[in-house]
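Atoms considered below: every heavy atom in the structure, side chains included; atoms not considered: hydrogens, waters and symmetry mates. Letters A, B, ... are given to chains in the order of the sequence lines, protein chains preceding strands, and every chain is numbered from 1.
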2 protein chains.
Amino acid sequence: MTLARRTGGPLTANDWIQTGFELLSEGGPNALRIGRLCERLEVTKGSFYWHFTDMCAYRAALAHAWADLYDERRRRLEIPPDTKGRERLEEMVRALIRTDHWALERAMRIWSLTDDSVLESVRRRDELVLSEVRQAFVDCGFDDDEATLRSSVLFAAGVGLLHDHRAAQDAPLGARVLDLMLRQ
Amino acid sequence: MTLARRTGGPLTANDWIQTGFELLSEGGPNALRIGRLCERLEVTKGSFYWHFTDMCAYRAALAHAWADLYDERRRRLEIPPDTKGRERLEEMVRALIRTDHWALERAMRIWSLTDDSVLESVRRRDELVLSEVRQAFVDCGFDDDEATLRSSVLFAAGVGLLHDHRAAQDAPLGARVLDLMLRQ
DNA sequence: ACCTGAACACCGTTCAAGT
DNA sequence: ACCTGAACACCGTTCAAGT
């Protein structure tokens, strides 16, 4: 899953995916139109239908690529695996707030609310993240039941705040929310 | 803002609004199409454009009517004004979870994420609710700063959980979340 | 005042034909 | 293998014409 752009020559499915991410980040789910993709890639609509059977299949491919992108990013430059407990949670909150991820994250999440094939990918990833958050609470000394509750609330609050333009990029608020959730 | 359906005769703007709420509740924002409205009301598209200048104006009318609907419902059958503090918060959480409100609430909120004129109505209402929630925390004995933080987290968690089909109708979870947010 | 019916632009989709 | 170009259905929008 590279971010390289094409330089003339025939298109690959990945070119369509990357351009889809651009449109989603810039204008949200409603900006993802076949016509606009074709404009950017300088081909006609028939090309799209050679690479993908229809919009539905393209959506599924985008959702899948997005999950891969997330995994790769996570492996490459994010939280070292030996970071535990509170420090790990702090890193996760910071990662969520980072500007370059935020627009695509938000677009995919909004999109998942009206598209079941996207929802599936988002949900699968959410379950992984949620279990990680839960484990971090356990590492902080909370029992299983309490860790489940607190991780659910922290995660839900994160999703809720992500949708609010004003609060979503507010790092001090993020720190205070986490602080509240960690009080004994 | 009545819920009465039309019985033959000419349509009113309110007929279009009520039918719009039906479509939104049943199928979310993408189900709100002029063609489907016309099918249900047994008229042609021209009728729509006599009552509303365009889809954008209709959206704004729907958003406004929804805010009115919320206020009216609240006055009629919801939380008595002398209910304070914890009990008031419990009632608010219960009200959010109630099934008949949930579908429309969810659809409007999803819609607001991709439509600015809907966002404006949702946001105005959210600010009222949030300040109420905040006041309830103050009534529970939290200082101003702490009440602001806790009300923000509770509200954001509510929004986050609303989007999750599995968690949104889970009353025991709602009670436990509130309980966590009220701990000293 | 309230609505019909026909027209147009836009977008997703198909497909035969090109290289 | 990869793409063009023309066609069609669907939907938002306009508007002259009807009652």
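Residue H51(A) places at least one side-chain N or O under 4.0 Å from the OP1 or OP2 atom of dC3(D). For Y49(A), no side-chain nitrogen or oxygen approaches OP1 or OP2 of dT14(C) to under 4.0 Å. Using a 4.0 Å cut-off, no side-chain N or O of R33(A) falls inside it from OP1 or OP2 of dC10(C).
For K45(A) against dG12(C), a side-chain N or O and a base N or O form a donor-acceptor pair under 3.5 Å.
Atom P of nucleotide dT13(C) and atom OH of Y58(A) are separated by 13 Å, given to the nearest angstrom. Note: CD1 (I34(A)) to P (dT4(D)) measures 14 Å, nearest angstrom. Rounded to a whole Å, the CH2 atom of W16(A) is 13 Å from the P atom of dC2(D). The distance between atom CZ of F52(B) and atom P of dC11(D), rounded to the nearest whole Å, is 20 Å. Rounded to a whole Å, the CG atom of D15(A) is 9 Å from the P atom of dC3(D). Protein atom CG of L41(A) is 14 Å distant from nucleotide atom P of dC2(D), rounded to whole Å. With rounding to whole Å, E39(A) atom CD is found 12 Å from dC11(C) atom C1'. Distance L37(A) CG to dT13(C) C1': 15 Å, rounded to the nearest Å.
Using a 30° and 60° split on the angle between ring planes, W16(B) and H51(B) fall in the tilted class, from 30° to 60°.
Across every strand in view, dA17(D) sits unpaired, with no contact that passes the Watson-Crick or G-U test at under 3.5 angstrom. Using Watson-Crick or G-U wobble geometry with both donor-acceptor distances under 3.5 Å, dC3(C) finds no partner in any strand shown. For dC8(D), the paired base is dG12(C) (Watson-Crick or G-U wobble, both distances below 3.5 Å).
With dG12(C), dT13(D), dC2(D) as the candidates, the nucleotide lying closest to the side chain of M55(B) is dT13(D). The listed nucleotides are dT13(D), dC3(D), dG12(C); the one nearest the side chain of L11(A) is dC3(D). Across dC2(D), dT4(D), dG12(C), the shortest atom-to-atom separation from the side chain of P10(A) is found for dC2(D).
Residue T53(B) is classed as a sugar-phosphate contact, given heavy-atom separations below 4.0 Å to backbone atoms only. Among the protein residues, G46(A) comes within range of the nucleic acid bases, having at least one heavy atom under 4.0 Å from a base atom.
Clustering ILVMFWY residues whenever any of their side-chain heavy atoms sit less than 4.5 angstrom apart, transitively, puts L113(B) in a cluster other than the one holding F155(B). Put simply, L162(B) and F21(B) are part of two different groups of oily side chains (I, L, V, M, F, W, Y) that touch within less than 4.5 Å, one to the next.
Of the N and O atoms on the side chains of D115(A) and S117(A), at least one donor lies less than 3.5 Å from an acceptor on the other residue.
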Next item on the list: Would you check, one step at a time, whether the test salt bridge (Lys or Arg N to Asp or Glu O under 4.0 Å) holds for R125(B) with E105(B)?
Entry: CA-CA 12 Å; R125(B) 217 210 55 184; E105(B) 173 80 31; 3.2 Å; yes
